[in-house]
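Reading through the structure tokens given below for one structure.
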Amino acid sequence: MIDDRTAPLAGLRVVELSSFVAAPLGGMTLAQLGADVVRVDPIGGGPDIGRWPLAPSGRSLYWAGLNKGKRSLTVDLRSARGRELVAGLAAAAGTLVTNAPPRPGLTYEELRERRPDLVYARLLGHRDGRSAVDYTVNAELGFPYATGPERHDGPVNHVLPAWDVACGLYLAIGLLAADRRRAATGEGRHVELALHDVALATAGNLGYLAQAQLGEARPRIGNDLYGDFGRDFGTADGRRVMVVTLTARHWRDLVAVTGLGRVMAALEEALPADFGRDRDRYTHREALAGLLAPWFAARTAAEAGKALAGTSVLWSHYRTFAEAATDLAGQPLMAELAQPGVGPHLAPGSPLVLDGRQAPPEPAPELGGDAETVLGELLDLPPSEVAALRADGVIG
Ligand SMILES: CC(C)(COP(=O)(O)OP(=O)(O)OC[C@H]1O[C@@H](n2cnc3c(N)ncnc32)[C@H](O)[C@@H]1OP(=O)(O)O)[C@@H](O)C(=O)NCCC(=O)NCCSC(=O)C(=O)O
């Protein structure tokens, strides 16, 4: 159970009209900090209800993973009665988070009439309201042309939906900032965030867009680290190790552990170069990698790891998801979760550690499974009225 120490948002109620990654992650982040988050979906589920990966039962592991610790209500959002019910819930909760296109009766302007101090946080694709997903935003901004093997011609997509993740967290921050202001002044707020803006801001914050404006093309460099020395090496047992040096100390340690001090010193003198400097390590990365590769090739991954473990060098074995899943029991973030429809498995709680404590994972709700408690607590509806709404097809 989430306890007081790990639930600083206890008392905050949020209605979430969402689907896919970003907005559900924002809502889950709030729930993991103790907020009461009610996800509202169309009857039968939103567009993400069956999204892969699936459990053998057919239940979506993606949906279960992104909706942990929430309550669920399903409503006929196409009917005026259904939307009226959701508007009442949003007004009662006082806070709404959404990435759905606004429906009549559920726009900020309409809801604010009912609840003047409403905090309404909305994720858009683009600023102007056009839809977008991580893949399309990425394509628009250049990342797929800077990703992948050096001699590859076309774009390379990334499997990590980075903008969705960043947006979910930004959405939670924006909502909490508005809620903080509301607590001080009583004012509500309309918070908007666009997936495209988050990606554009990040590309700008990292200097990539400034570099392009100044006329320099960012190269595609495979698994190499841009601007310093980092790449993968093959080991004697056919595995691969990622090695990164970011400081002069990391580089000194890598040279020492591989016994290449004299060779590197001779190369520095001959070039000339100073491998204590990041730009020199980057410029001469092919030569450096060529000298280092035999050390890795002569060792198993375990032997290389054992030698590197005592140094400041940043490194890791490459593993598949299947391999990473073999030692989850040792991770303090993970705890056994009895997820209905999926069965017991190890799932992450909140990565935030508060006074040394972490909120463990809570199961995702059964779709539509909390109608009685949600409508009873937020709208004071007795069970007979909830049953009537269900009989009329207004709720699922
Ligand atoms: C999520 C979207 C791409 C979905 O595209 P849309 O064209 O809006 O979908 P459709 O109209 O075809 O949706 C079919 C029905 O589902 C309803 N619908 C659509 N989106 C939602 C959400 N978020 N929640 C609840 N219901 C929804 C929609 O009203 C329709 O209902 P009826 O009218 O009743 O039929 C877009 O809404 C969008 O760009 N949202 C803002 C940005 C965003 O969240 N992008 C995805 C991030 S996650 C991501 O990138 C990823 O997972 O990958």
Side-chain angles (χ1 to χ4, degrees), residues 14-29 37-54 60-67 70-87 89-90 96-108 110-111 120-141 143-144 157-172 174-175 190-202 364-365 367-368 393-396:
V14 181
V15 168
E16 179 190 307
L17 261 170
S18 76
S19 60
F20 301 113
V21 180
L25 176 67
M28 184 169 78
T29 303
V37 179
V38 178
R39 176 165 164 164
V40 176
D41 280 293
I43 294 174
D48 59 344
I49 188 65
R51 183 94 178 252
W52 286 16
L54 305 179
S60 168
L61 297 171
Y62 166 107
W63 199 94
L66 286 164
N67 291 289
K70 300 177 189 174
R71 298 200 279 176
S72 169
L73 176 72
T74 58
V75 178
D76 177 7
L77 294 166
R78 292 182 183 173
S79 76
R81 268 180 86 192
R83 292 195 299 272
E84 170 60 27
L85 192 73
V86 177
L89 284 172
L96 182 136
V97 60
T98 186
N99 69 323
R103 296 177 191 255
L106 295 174
T107 63
Y108 172 65
E110 287 163 301
L111 293 175
Y120 183 109
R122 180 176 171 211
L123 177 72
L124 303 104
H126 289 88
R127 268 279 185 106
D128 61 10
R130 278 177 300 132
S131 297
V133 291
D134 204 276
Y135 286 94
T136 57
V137 164
N138 236 349
E140 205 172 325
L141 285 175
F143 285 91
N157 285 341
H158 200 300
V159 295
L160 171 69
W163 311 127
D164 293 347
V165 174
C167 277
L169 302 178
Y170 263 119
L171 208 56
L175 184 150
H190 189 193
V191 178
E192 288 182 297
L193 177 73
L195 198 67
H196 178 261
D197 275 356
V198 168
L200 190 62
T202 305
L367 183 71
V394 177
I395 62 169

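Whatever order the structure lists them in is the order used to number ligands and atoms, beginning at 1.
Protein heavy atoms are found less than 4.0 angstrom from atom 49 (C) of ligand 1. Per-atom contact check: atom 53 (O) of ligand 1 touches the protein, criterion being a heavy-atom distance below 4.0 Å. Protein non-hydrogen atoms do not reach within 4.0 Å of atom 14 (C) of ligand 1. At a distance under 4.0 Å, no protein heavy atom can be found next to atom 9 (O) of ligand 1. Atom 39 (O) of ligand 1 is flagged as protein-proximal [any protein heavy atom, distance under 4.0 Å].
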What verdict does the side chain to side chain contact (heavy atoms under 4.5 Å, CB included) test give for Ser72 and Glu16, after you've listed the backbone C-alpha separation in whole Å, the side-chain angles of each residue and the deciding distance to 0.1 Å? CA-CA 9 Å; Ser72 169; Glu16 179 190 307; over 6 Å; no
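Minimum interatomic distance between Asn138 and His158 (heavy atoms only, all atoms of both residues): ND2-CB, 4.5 Å. Closest approach of Thr107 to Glu110, counting heavy atoms only: OG1-OE1, 2.6 Å. Taking both residues in full, the closest heavy atoms of Asp134 and Trp163 are given as OD2-N, 2.7 Å, listed atom of the first, atom of the second, then distance. Annotation for Asn67 and Pro365: closest pair O-CD, 3.3 Å, computed over non-hydrogen atoms.
Using a 4.0 Å cut-off between charged nitrogen and carboxylate oxygen, Lys70 and Asp41 do not count as a salt-bridge pair.
Protein heavy atom at the shortest distance from atom 34 (O) of ligand 1 is Arg78 NE, 2.7 Å. Nearest protein neighbour of atom 26 (N) of ligand 1, counting heavy atoms only, is Pro47 CD, 4.1 Å. Looking at atom 4 (C) of ligand 1, its nearest protein heavy atom turns out to be Phe20 CE1, 4.2 Å. Summary of contacts: the protein heavy atom closest to atom 7 (O) of ligand 1 is Ser131 OG, 3.9 Å. With hydrogens left out, the protein atom closest to atom 44 (O) of ligand 1 is Asn99 ND2, 2.7 Å, a heavy atom. At the top of the distance list for atom 47 (C) of ligand 1, counting protein heavy atoms only, stands Asp164 OD1, 3.5 Å. Among all non-hydrogen protein atoms, the one lying nearest atom 28 (C) of ligand 1 is Arg103 NH2, 3.8 Å.
Residue contact check: Leu123 has heavy atoms under 4.0 Å from atoms 41 (C), 43 (C), 44 (O) of ligand 1. The Leu124 neighbourhood of ligand 1 comprises atoms 41 (C), 42 (C), with distances under 4.0 Å to a heavy atom of that residue. For ligand 1 and Tyr62, the ligand atoms under 4.0 Å from any heavy atom of the residue are 52 (O). Close contacts of ligand 1 with Ser18, meaning ligand atoms under 4.0 Å from a residue heavy atom, involve 22 (C), 23 (N), 24 (N), 25 (C). If you number the atoms of ligand 1 from 1 as listed, the ones under 4.0 Å from a heavy atom of Ala100 come out as 21 (C), 22 (C), 23 (N), 24 (N), 25 (C). For ligand 1 and Asp134, the ligand atoms under 4.0 Å from any heavy atom of the residue are 50 (O).
Around atom 19 (C) of ligand 1, the closest heavy atom drawn from Ala132, Ala22, Pro101, Gly125 belongs to Pro101.
Between the CG atom in Leu175 and the CG atom in Leu193 there is a gap of 11.5 Å [rounded to 0.5 Å]. Between atom CG of residue Leu73 and atom CG of residue Leu89 there is a gap of 6.0 Å, rounded to the nearest 0.5 Å. For the atom pair SG of Cys167 and CZ of Phe20, the computed distance is 14.5 Å after rounding to the nearest 0.5 Å. Within the model, atoms CG of Leu195 and NE2 of His126 stand 8.0 Å from one another, a figure rounded to the nearest 0.5 Å.
Formation of a donor-acceptor pair under 3.5 Å by the Arg39 side chain with backbone atoms of Ser18 is found in this model. The closest donor-acceptor contact from the side chain of Thr74 to the backbone of Gly44 lies at 3.5 Å or more, if one exists at all.
In terms of N/O distances under 3.5 Å, ligand 1 is approached by Ser19.
Using cut-offs of 30° and 60° for the angle between ring planes, the Tyr108 and His190 rings count as parallel.
Residue contacts with ligand 1, taken as heavy atom pairs separated by less than 4.0 Å, involve Arg51 solely via side-chain atoms from C-beta onward.
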